[in-house]
*Asks:* 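Okay, handing you the structure first.
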Amino acid sequence: MTLKYELIKESKDSKARLGKITTPHGEIETPVFMPVGTRATVKAMTPEEVKDLGASIILSNTYHLYLKPGHELVKRAGGLHKFMNWDGPILTDSGGFQVFSLGELRKIREEGVDFRSHIDGSKHFISPEKSIEIQNALGSDIMMCFDECVPYPSDYDYTKDSMERTTRWAKRCKDFHEDWDNQALFGIVQGGMYKDLREKSAHDLVEMEFSGYAIGGLSVGEPLELMNEVLDYTVPLLPKDKPRYLMGVGSPDYLFEAVIRGIDMADCVLPTRIARNGTAMTNNGKVVIRNAKYSEDFGPLDSECDCYTCKNYSRAYIRHLFNVDEILALRLTTIHNLYFLIKLMERIRNAIREDRLMSFREEFYKKYGYIED
RNA sequence: GGAGGAGUACCCAAGUGGCUAAAGGGGACGGACUGUAAAUCCGUUAGCUAAGCUUUCAGUGGUUCAAAUCCACUCUCCUCCA
């Protein structure tokens with residue numbers, strides 16, 4: 001197996017850890033935040049810009065690229081890296097989340113999932129094997145097993161059946177995949193909010209020996225405390241010498257809580273999506289830049305930020321761009337939000353290195369407004 | 001001077017007797033967003049002592065149990081003719 005995880009340091013004041021992942025397209029310092037580029041682009045950004053923001057790995061999506069432009073086309077283009085001009089590591093999601101989010105448009109059975117395209121309604125079928133075939137064609141550095149992300153809340157029996165099927169699918173993904181030298185494969189722990197199901201899922205997947213392990217089915221609407229609880233008993237079941245990836249988490253508090261429980265990787269559309277919808281994450285909390293109170297605020301989005309946006313543009317200007325529906329508005333806020341989270345993870349890594357993660361978290365929460373002082 | 005047309009809330013615009021405090025857009029204001037069907041979606045937008053009440057559809061007066069809607073006059077704007 002080519003993917004290498006090096007555990008550099010375990011935090012003294014929490015379960016956080018510092019590490020380094022080596023992929024065929026470069027190294028990743030962990031804990032890391034991974035920007036999402038579903039359709040082979042981090043929306044509104046060029047790959048060069050994403051790299052300049054400090055991103056060391058990005059996500060892309062099996063389901064979306066399979067529909068458009070088609071994974072065979074991407075393969076003919078020379079693979080996803082070449083196609084989109086990103087030469088760093090890429091992680092591809094398996095399409096499992098779409099199984100969860102497409103609702104009415106899909107039907108799950110043992111063999112796989114029948115989908116209807118959200119684009120034109122055409123019928124499609126994705127199985128674990130098909131998902132791997134697509135991800136092989138894309139050539140991502142890290143592939144994900146095809147899974148089902150169970151909604152919250154879900155009852156015990158449904159969650160159990162689903163989790164067991166996800167485990168069987170994981171086995172099929174692993175058996176189908178061949179080129180382990182160039183592409184790693186992560187298993188995804190499911191089991192909803194049920195401890196015994198999470199334990200069973202983690203146990204069975206760890207036994208299969210994947211390149212790394214993801215925790216799926218969290219951050220789907222449950223309270224933060226519940227996510228923390230699930231992480232508390234699930235993360236310790238995962239091997240220390242492999243990366244641990246919490247899927248779909250991207251608000252600062254969720255990232256902190258995940259990292260202090262031993263998570264190494266996380267991805268989320270949140271920073272890029274809310275950026276396009278007019279919200280910035282700052283050290284002093286959320287800034288809904290469209291609000292009237294910023295119309296004459298000539299200071300930066302975040303006075304403590306040194307990103308391109310904050311160095312050069314004012315809140316009043318960005319608000320104006322949103323008000324008149326200019327493309328640059330989306331770009332400027334996206335640059336800031338991505339930089340903010342990438343930088344936050346760097347600050348978190350430094351705090352782990354210096355054994356002061358818990359105090360950094362406290363300080364950050366107070367300023368951000370998560371806790372009142 | 002003559003003939004015709006039009007004036008509805010911040011803007012555009014529907015409504016031509018009661019179900020209209022008034023459709024729909026836009027704007028403004030606020031909110032949501034967490035492995036992206038998202039430059040998206042949702043809410044508010046006459047005033048108030050807000051379950052209820054008060055004042056609105058150019059203005060004034062009238063008809064009617066009831067008027068943005070019907071009638072009269074006035075004002076303003078537009079088009080055509082002289």
Side-chain angles (χ1 to χ4, degrees), chain A residues 33-45 57-65 67-68 90-106 115-122 131 135 140 142-152 166 186-190 213-224 227 245-255 257-258 263 265-281 286 288-295 318-319 321-334 337 341:
Chain A
F33 175 76
M34 308 183 283
V36 179
T38 303
R39 301 196 286 196
T41 169
V42 177
K43 293 180 193 292
M45 296 289 100
I57 172 172
I58 60 170
L59 242 75
S60 203
N61 190 277
T62 299
Y63 168 78
H64 292 272
L65 294 179
L67 287 180
K68 277 188 176 190
I90 296 176
L91 182 152
T92 43
D93 188 25
S94 62
F97 187 72
Q98 280 62 43
V99 172
F100 156 74
S101 65
L102 254 44
E104 301 290 296
L105 296 171
R106 108 267 123 141
F115 287 94
R116 274 187 179 277
S117 160
H118 69 277
I119 301 166
D120 61 6
S122 56
S131 176
Q135 296 185 75
S140 51
I142 300 174
M143 307 187 300
M144 300 304 296
C145 283
F146 192 60
D147 69 328
E148 184 195 354
C149 177
V150 172
Y152 173 82
T166 287
F186 280 25
I188 305 175
V189 177
Q190 290 289 351
Y213 297 89
I215 298 176
L218 290 180
S219 192
V220 287
E222 81 283 5
L224 175 61
M227 180 187 89
Y245 162 29
L246 175 60
M247 308 184 79
V249 157
S251 58
D253 54 343
Y254 277 55
L255 289 171
E257 298 306 317
I263 291 295
M265 311 160 70
D267 75 288
C268 197
V269 305
L270 193 68
T272 45
R273 178 180 287 172
I274 69 174
R276 294 192 305 281
N277 293 338
T279 299
M281 297 174 178
K286 281 198 306 188
V288 180
I289 199 63
R290 288 179 327 224
N291 287 179
K293 61 181 169 183
Y294 302 120
S295 61
I318 296 167
R319 174 178 193 272
L321 293 179
F322 268 105
N323 265 335
V324 294
D325 217 18
E326 282 292 341
I327 271 180
L328 186 57
L330 316 184
R331 288 181 34 74
L332 293 179
T333 44
T334 298
N337 279 355
L341 283 193

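Lettering of chains follows the sequences in order, A, B, ..., and the numbering in each one begins at 1.
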*Asks:* Has Arg319(A) got a side-chain N or O lying under 4.0 Å from the OP1 or OP2 atom of C29(B)?
*Replies:* yes
*Asks:* Heavy atoms only, 4.0 Å cut-off, all strands: where does Lys68(A) land among base, sugar-phosphate and nothing?
*Replies:* nothing
*Asks:* Just call it for Asn291(A): base, sugar-phosphate, or nothing, with non-hydrogen atoms closer than 4.0 Å on any strand.
*Replies:* sugar-phosphate
*Asks:* Kindly say whether, by distance alone, the side chain of Thr272(A) makes a donor-acceptor pair under 3.5 Å with the base of U36(B)?
*Replies:* yes
*Asks:* Rounding to a whole Å, what distance do you find between Tyr152(A):OH and U34(B):C1'?
*Replies:* 16 Å
*Asks:* Going by heavy atoms in the side chains, are Met45(A) and Arg331(A) under 4.5 Å from each other?
*Replies:* yes
*Asks:* Across the strands shown, which category fits Glu148(A) at heavy-atom distances under 4.0 angstrom: base, sugar-phosphate, nothing?
*Replies:* nothing
*Asks:* Check the side chains of Gln135(A) and Thr92(A) for a donor-acceptor pair under 3.5 angstrom, ignoring hydrogens and angles.
*Replies:* yes
*Asks:* With sugar-phosphate meaning primed atoms plus P, OP1 and OP2, does Leu59(A) contact a base, only sugar-phosphate, or nothing at under 4.0 Å between heavy atoms?
*Replies:* sugar-phosphate
*Asks:* Please confirm whether the shortest side-chain N or O distance from Ser101(A) to OP1 or OP2 of A37(B) is below 4.0 Å.
*Replies:* yes
*Asks:* Over all strands shown, is Glu326(A) touching base, sugar-phosphate only, or nothing at heavy-atom distances under 4.0 angstrom?
*Replies:* nothing
*Asks:* Checking all strands, does Asn277(A) fall into the base, sugar-phosphate, or nothing category for heavy-atom contacts under 4.0 angstrom?
*Replies:* base
*Asks:* Indicate whether OP1 or OP2 belonging to U36(B) is found under 4.0 Å from a side-chain N or O atom of Thr38(A).
*Replies:* yes
*Asks:* Can you tell me if Gln98(A) touches the phosphate of U36(B), counting only side-chain N or O atoms and a distance under 4.0 Å to OP1 or OP2?
*Replies:* yes
